[in-house]
Amino acid sequence: MDKLVVNGGSPLTGPLTVGGSKNTALPLMAATLLADGPSRITNVPDLRDVRTFSNVIRVAGPAVSFDAEANTLTIDASTVNHPVAPYDLVKKMRASFYMLGALIGRTGEAKVSLPGGCAWGPRPVDLHIEGMKEFGAEIELEEGYVIASAPGGRLTGGSFRLDPSSVGATINLLLGAVRAAGPSRIENAAMEPDVVAFGRALQDMGAQIDGLGTRTIEVQGVDTLSPISVRNTPDRIELGTFMLMAASAGAPGHPVEINRGTHEHLGQDFKNRLAETGVDVEYEDECVTVTRPDRIAPVSIETAPYPGFPTDLQAQWTVLLATTDGTATVTDTIYDDRFKHVPELQRLGVDISVNGNTATVEGGPPIKGAQVMSTDLRASVSLVMAGMIAEGTTHVLRVYHLDRGYEDLEGKLRRAGIDIWRDEYEELSDRDETEAREAA
Ligand code: EPZ
């Protein structure tokens, strides 16, 4: 199994380059199933999630080829003859659930594994299911699968209000609506740049969509869509992550350049909060320059749907707060259990505690390297961030979580001044652990 090893203390000098967006690439991949022919997506990051979703799509029949060197994905959806997304693949990545909208939109039927747990449990998909029913699908839940069919092979279209607003449900409902027989309306729709870029690609394929980027999206169903050649957007969360790394691990007064991001996709709230900390940020066309000041003010944040503070950057923000000299809080209003990085940060000496959906960080105590465990994608990158500013060496274990969403992070950071490398290690199995304990 892989881990990342970081020797803390060397400043992040940059420059850094932002890759293609994970959360835009995945819906773009799903969209190609709606067209009978070969589509091409460029600027696709070489990530575990992209490779996993490629395998999910192959099961349904399309030919998928990925040129990792060129970051280019080709999906030929001429054949979609097995409208199934199996549990063993869907369980690896929640976004595989986009196959519900893609398959029912293309073939009029779908058998898609629930992403994990039940439809209404942790990380639910009830909005996806209720919305698809409203658009004319008949849906059964059987043995952990969603079995959906459109009477007569085509959804009718309909009107559905998302409560709460949901990125994934907006994407799935658009996938089902664009080839429906009649009009559809999605209220309280997600406005994330990922959703807007995905919707614009559907428009380029011939879909009739109004209201992208607003809370109300109207769709007029069409009979067919054409294959597409589209460039994926830059990853806004990688950009935000790099900015917070520069703010935390940059040398005071030394600017760090971050290239090829689209800073408008960060949302104004993130920019405002970062400015309040005293970190100096210059936004140019495709370059953001971040300069850490001598002192960073502790600023509290609260996540919200776009254009609010992204929940995917809250773990990284807790590490920035650890480098301040005061107290501040991080509240996640989107997920109330997204603090699995907290016990690991405590192992590094960060003074952080959680009460409900709010973490409180007391900046100041020295951060000291240790072995820490990744638990999910953004938690693991916050541990790397902490390792960069820790005294001594930090081992971030189970880095397969990180590989889901960051392409060659250790290579990018090493070229930007950080003493970091990838290493292999064996995890003690339960049996080994018992034997080790008995031998002690
Ligand atoms: C997307 O997940 C992103 N994933 C997540 O990024 C991101 O954290 C999240 O949006 C919020 O911005 C991808 O784009 C692949 P939601 P998604 O549906 O679509 C509740 C990362 O790190 N909800 O917008 O699954 C849900 O429980 C990942 O890259 C329902 O109640 O998120 C949550 O509280 C992690 N019922 C809220 O809505 C539903 O049917 C927002 O979730 C669906 C969602």
Side-chain angles (χ1 to χ4, degrees), residues 19-30 45 47-50 52-53 56 90 92-101 112 114-134 139 141 146 160-175 186 188-198 215 232-233 235-241 265-267 269-270 303-316 331-338 340-341 357 374-382 401-407:
S21 165
K22 168 175 82 77
N23 292 348
T24 306
L26 296 172
L28 288 178
M29 292 168 72
L47 301 173
R48 281 183 71 229
D49 276 8
V50 167
T52 299
F53 200 32
V56 172
V90 173
K92 291 183 179 176
M93 189 193 68
R94 174 183 170 79
S96 307
F97 203 64
Y98 295 158
M99 292 300 278
L100 175 63
V112 180
L114 286 168
C118 76
W120 282 262
R123 304 275 328 253
V125 286
D126 57 310
L127 297 172
H128 301 240
I129 291 169
E130 296 309 315
M132 214 56 86
K133 283 181 185 169
E134 196 56 40
I139 292 191
L141 296 182
V146 173
F160 189 70
R161 176 174 181 77
L162 296 173
D163 182 16
S165 181
S166 155
V167 170
T170 302
I171 288 167
N172 239 336
L173 294 180
L174 278 172
L175 286 164
I186 303 170
N188 200 26
M191 297 163 47
E192 272 70 5
D194 318 314
V195 177
V196 174
F198 158 72
R215 287 286 174 223
N232 180 27
T233 56
D235 194 308
R236 65 195 186 99
I237 302 304
E238 187 181 35
L239 170 60
T241 301
H265 290 173
L266 289 165
D269 197 32
F270 173 82
T303 67
Y306 188 86
F309 192 105
T311 172
D312 295 350
L313 289 173
Q314 62 95 335
Q316 299 90 318
T331 298
D332 200 327
T333 67
I334 293 180
Y335 297 110
D336 54 13
D337 62 350
R338 201 176 184 173
K340 294 189 179 62
H341 50 293
N357 65 341
S374 304
T375 50
D376 58 75
L377 168 56
R378 307 303 173 182
S380 51
V381 83
S382 74
H401 289 288
L402 190 113
D403 293 337
R404 292 190 52 185
Y406 290 92
E407 181 178 352

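Only heavy atoms go into these numbers, but all of them, side chains included; no hydrogens, no water, no symmetry mates. First listed ligand is number 1; within each ligand, the first listed atom is number 1.
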Of all the atoms in ligand 1, which lie at a distance below 4.0 Å from a heavy atom belonging to [X]?
| X | value |
| --- | --- |
| V125 | 39 (C), 40 (O) |
| R123 | 2 (O), 25 (O) |
| R338 | 8 (O), 22 (O), 35 (C) |
| K22 | 21 (C), 29 (O) |

If you measure from [atom1] on [X] to [atom2] on [Y], what distance do you get to the nearest 0.5 Å?
| X | Y | atom1 | atom2 | answer |
| --- | --- | --- | --- | --- |
| E130 | I139 | CD | CD1 | 8.0 Å |
| R378 | T241 | CZ | OG1 | 6.0 Å |
| N172 | L127 | CG | CG | 11.0 Å |
| L47 | F53 | CG | CZ | 13.5 Å |

Test side chain to side chain donor-acceptor pair (under 3.5 Å) applied to Y406 and S380, step by step: CA-CA 10 Å; Y406 290 92; S380 51; over 6 Å; no
Nearest heavy atom to [atom] wins, so pick from [options].
| atom | options | value |
| --- | --- | --- |
| atom 38 (O) of ligand 1 | P27, P115, A304, P164 | P164 |
| atom 27 (O) of ligand 1 | P124, P310, A169 | P124 |
| atom 17 (P) of ligand 1 | F53, F97, Y335 | Y335 |
| atom 18 (O) of ligand 1 | S166, G131, A25 | S166 |
| atom 21 (C) of ligand 1 | T333, D312, V381 | D312 |

Purely on distance, is any nitrogen or oxygen of [X] under 3.5 Å from one on ligand 1?
| X | value |
| --- | --- |
| G168 | yes |
| L377 | no |
| L127 | yes |
| I334 | yes |
| T311 | no |

Within-shell test, D126 vs ligand 1, heavy atom, strictly < 4.0 Å: yes
G405 to ligand 1, any heavy atom closer than 4.0 Å: no
Electrostatic pair D194-R236, nearest N-O below 4.0 angstrom: yes
R123 and D337 ion-paired at < 4.0 Å: no
Side chain to side chain donor-acceptor pair (under 3.5 Å) between T303 and D332, worked out: CA-CA 5 Å; T303 67; D332 200 327; 2.8 Å; yes
Donor-acceptor contact present, side-chain Q314 to main-chain R338, <3.5 Å: yes
Contact partition for H128 relative to ligand 1, non-hydrogen atoms under 4.0 Å: both
Residues which pass side chain to side chain contact (heavy atoms under 4.5 Å, CB included) with D163, listed by chain and number, not counting sequence neighbours: none
